[in-house]
Protein chains: 4
Amino acid sequence: MTELRHTRDDKLALILRASATMFADKGYHEASIRDISRETGISLSGLYYYFRSKEELLFLIQDHCFTTLYENLGRLLAEENDPYQRFLLMVENHLRYFVNNMKEMKVLSHELDSLTGEFRQRVNQIKRQYTETCSSVLEALAPEDSGIDARVAIYSLFGMMNWIYNWYHPERDVAVEELAADMCQLFLRGYLSGVAERSEAVAERFSTPSPSIWRT
Amino acid sequence: MTELRHTRDDKLALILRASATMFADKGYHEASIRDISRETGISLSGLYYYFRSKEELLFLIQDHCFTTLYENLGRLLAEENDPYQRFLLMVENHLRYFVNNMKEMKVLSHELDSLTGEFRQRVNQIKRQYTETCSSVLEALAPEDSGIDARVAIYSLFGMMNWIYNWYHPERDVAVEELAADMCQLFLRGYLSGVAERSEAVAERFSTPSPSIWRT
Amino acid sequence: MTELRHTRDDKLALILRASATMFADKGYHEASIRDISRETGISLSGLYYYFRSKEELLFLIQDHCFTTLYENLGRLLAEENDPYQRFLLMVENHLRYFVNNMKEMKVLSHELDSLTGEFRQRVNQIKRQYTETCSSVLEALAPEDSGIDARVAIYSLFGMMNWIYNWYHPERDVAVEELAADMCQLFLRGYLSGVAERSEAVAERFSTPSPSIWRT
Amino acid sequence: MTELRHTRDDKLALILRASATMFADKGYHEASIRDISRETGISLSGLYYYFRSKEELLFLIQDHCFTTLYENLGRLLAEENDPYQRFLLMVENHLRYFVNNMKEMKVLSHELDSLTGEFRQRVNQIKRQYTETCSSVLEALAPEDSGIDARVAIYSLFGMMNWIYNWYHPERDVAVEELAADMCQLFLRGYLSGVAERSEAVAERFSTPSPSIWRT
DNA sequence: AATGAATGAGGGTTCATTCAT
DNA sequence: CATGAATGAACCCTCATTCAT
């Protein structure tokens, strides 16, 4: 009885998985409902029992991903007070979810603009919540004056992390834990950290803006 | 006279601009040739005088962008020997071109997979050349052992830089020169650099891998 | 009930008929799917439920025609041993089917080259089988030495028969039975057969090749 | 001077040749003016100096072919009075021209319907003249009563001859002279001529119409 | 809960043809 | 004579979606 009532949810989950894979591989607009029908074995019109439109399907995927990511972060942060550890947890949570759901995350990164109206608003809202949580974790760690613009800082971090679907291969590259540790160190201490003579040599270079010889 | 003879190239340039904007706004597959026709004022079939297929159009854009980016970098590096300055030039060149050609660069980032066959190979080749040049600039600067995986380092840098089309607004955010300076500092010295007590406190945290409490 | 379940096949048959007529009247390439849509009353896209491409549509027609023609011949020959009767049956079968399906046969004659790849191979294969069966019927009848090249003989016969779509009008010309009888006599006994003095007069003429006064 | 004035005609001849080849290979409608432009090396718009429309181009080819064929026949028949020789000349003239201009003749056979209006009328007129001349040659030879319908006879002959573009390969098959001789014998004396016992055995079979067991 | 059949809108592309130069 | 540039019409085909069953 109980199992039977789960049938619907199970099938929906199957559909979401297949769709996310399809959307990631071919892009949202290039992937057709027919592709999903073929992949899931459910007939074209049968699919429409589970969602009302293709856009809702995209929404369901994005909503589920962001919600999970966000809730995971909340759960982890709830048990940790130390700012450094909180930062570390945030990065690792983010990267781990991305690595484990690479296809879905590519969809998240690419296809936000494909949503419209209320769908877009709802995803944007949770995305904003997530971003704010991350920002506050970062700010709790910030030096009084790092000399770095706040938006540049947070979005550079996101850029580092979100870009991985473009190059990261689990079987070839370092494990997620090291990936997280490396990125944390890069972001917090920099590429040259630990190098002795760095302090003055580099510092001096950044003290004066470089001459912009560059034309557009 | 001479100007008149440039008509054809000018129109092609106009088409490429409009197409890049279209592709960036709606995505390559969502943007229709009819959209480009409407935007440029050239008839649908008239456009095909300038390119043989939509895919070639995408190729022309990507090829032009990457080539320009790559050649600009070569020109800048040719006059500079100091590793730090070379790094700075590389980052500034990259960011400046991205900021000045945001639409095109979004297309570059998103639509590489949309090319097939020889088009793809040719763009991939120049992309590889550009990446290698950047990598060598970075390596010339590298500490003996930063403890950070080489691929993680270079792609984190690219991630930081390439992500900007997702958040950077020229009129609202810092100028390109500062953007470049900030990212250089972030990447080279880290977010916490300059903070006195950082050395030991942070270092210790990275010495032992964080406990991975996280399940998939 | 049963009839209702045949709906799909019936519609396909309707489409094939209409398409064959269209292809015959305007030629394969000149006939548009829109024409077929108009003719059948089925929407343009609705047609694609029944075939995957225009080329497949042509294939379906050609395959059906050749297969029917070939199977009919097999059925007729199975019950007849006498070489003359077998020849007669072959000719009558061929002509009757052509006359009854003139449009389709014109398509068969004209549009073999319009097929490509596997479609072409499959039609060519059955065409070859049919030709071979006809050839063997002819050879079983052949005099030891008619003095006529084998290929010239069989293809002259086919030429006579296949050409009829260019001139034959059922309502104006002789009935199929006579058409078949006439062509059989023409082919087997010749136009002058029965004429008394023919034997020597004509024979002599063919004994020496005519002087070729003709320039290219 | 004189040579210069021939330039136009020479180029037109080049265009007609190339077009006929194109039309024969791909069919009239499938061959594009662009194909002809590519083949001749003359620019797309440049071609329109030599003809007013694609249809006129087809007309020029058909008209030239039929006229040449017809005039050649007239020249040959003018010097020959013997009915048998006249028949032979007619067949050989027809076949030789077909073999030497296979591409053009395929166009003639296939694309008569592609002409409309006056173009069609003019080609049809000369075609009718040619057919009538051939018919009269045949009738001059006819037995009082061959028992064969006149239309069946003449069109069977044409069928035999016109079909050759479907199977005849100059390098593989018999020479044109033998081709002509074979077809003449076939048509006049039949496939079984010379076979002694034929007379009664076969004749009897044709005296009674074959039982038409065949349903549509 | 699921499907076969159907559709309107729109996709990229090619075509014969024109016209100013 | 010849061409580069341009166009409207039409092409085949795919799409997300619906609806009776």
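Every chain is numbered from 1 and lettered A, B, ... according to where its sequence line falls, protein lines coming before strand lines. No experiment lies behind these values; they were computed from the predicted model shown.
- The shortest heavy-atom contact between B:Lys26 and B:Asp35 is NZ-OD2, 3.0 Å.
- Taking atom CE on C:Met22 and atom P on F:dC12, their separation rounds to 12 Å, with Å as the unit.
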Verdict with supporting geometry, C:His29 and D:Tyr28, ring-ring contact (aromatic ring centres under 6.0 Å, His included):
CA-CA 10 Å; C:His29 285 99; D:Tyr28 168 67; over 10 Å; no

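- Here the C1' atom of nucleotide E:dG11 and the CG atom of B:Leu47 are 15 Å apart, to the nearest Å.
- Within the 4.5 Å cutoff, the side chain of B:Glu55 has no heavy atoms near those of the B:Ser114 side chain.
- Distance CG (B:Leu58) to P (E:dG12): 13 Å, rounded to an integer number of Å.
- Looking at every heavy atom in both residues, A:Tyr50 comes nearest to A:Ile15 through CD1-CD1, 3.5 Å.
- What separates CG of B:Asp9 from P of F:dG4 is a distance of 15 Å, to the nearest Å.
- In this structure, the NZ atom of B:Lys26 is 12 Å from the C1' atom of E:dG11, given to the nearest Å.
- A cation-pi contact, defined as under 6.0 Å to the ring centre and within 45° of the axis, is absent between B:Lys106 and B:Phe23.
- A distance of 5.0 Å separates CD in A:Glu56 from CG in A:Leu60, rounded to the nearest 0.5 Å.
- For C:Ile42 against C:Ser37, the heavy-atom pair with the smallest separation is O-OG, 2.6 Å.
- The CG-C1' distance, from C:Asp10 to E:dG4, rounds to 16 Å in whole Å.
- The shortest distance between the side-chain N/O atoms of A:Lys11 and the OP1/OP2 oxygens of E:dA2 is below 4.0 Å.
- With F:dG4, E:dG8, E:dT3 as the choices, the nucleotide that has an atom nearest any side-chain atom of A:Ser43 turns out to be E:dT3.
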Nucleotide-resolved protein contact map, nucleotides 14-20 of chain F, B/S/- at heavy-atom distance under 4.0 Å:
BBBBBB-

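- The side chain of D:Tyr50 contributes an N or O atom lying less than 4.0 Å from OP1 or OP2 of F:dA2.
- For the pair D:Glu111/D:Leu115, no side-chain contact is recorded, criterion being any heavy-atom separation below 4.5 Å from C-beta on.
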Strand DNA chain E as a dot-bracket string - pairs counted if Watson-Crick or G-U with both distances under 3.5 Å, | where the partner lies in another strand:
.||||||||||||||||||||

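- A heavy-atom distance below 4.5 Å is found between the side chains of B:Ile33 and B:Phe51.
- Between B:Phe59 atom CZ and E:dG12 atom C1' the separation is 20 Å, expressed in whole Å.
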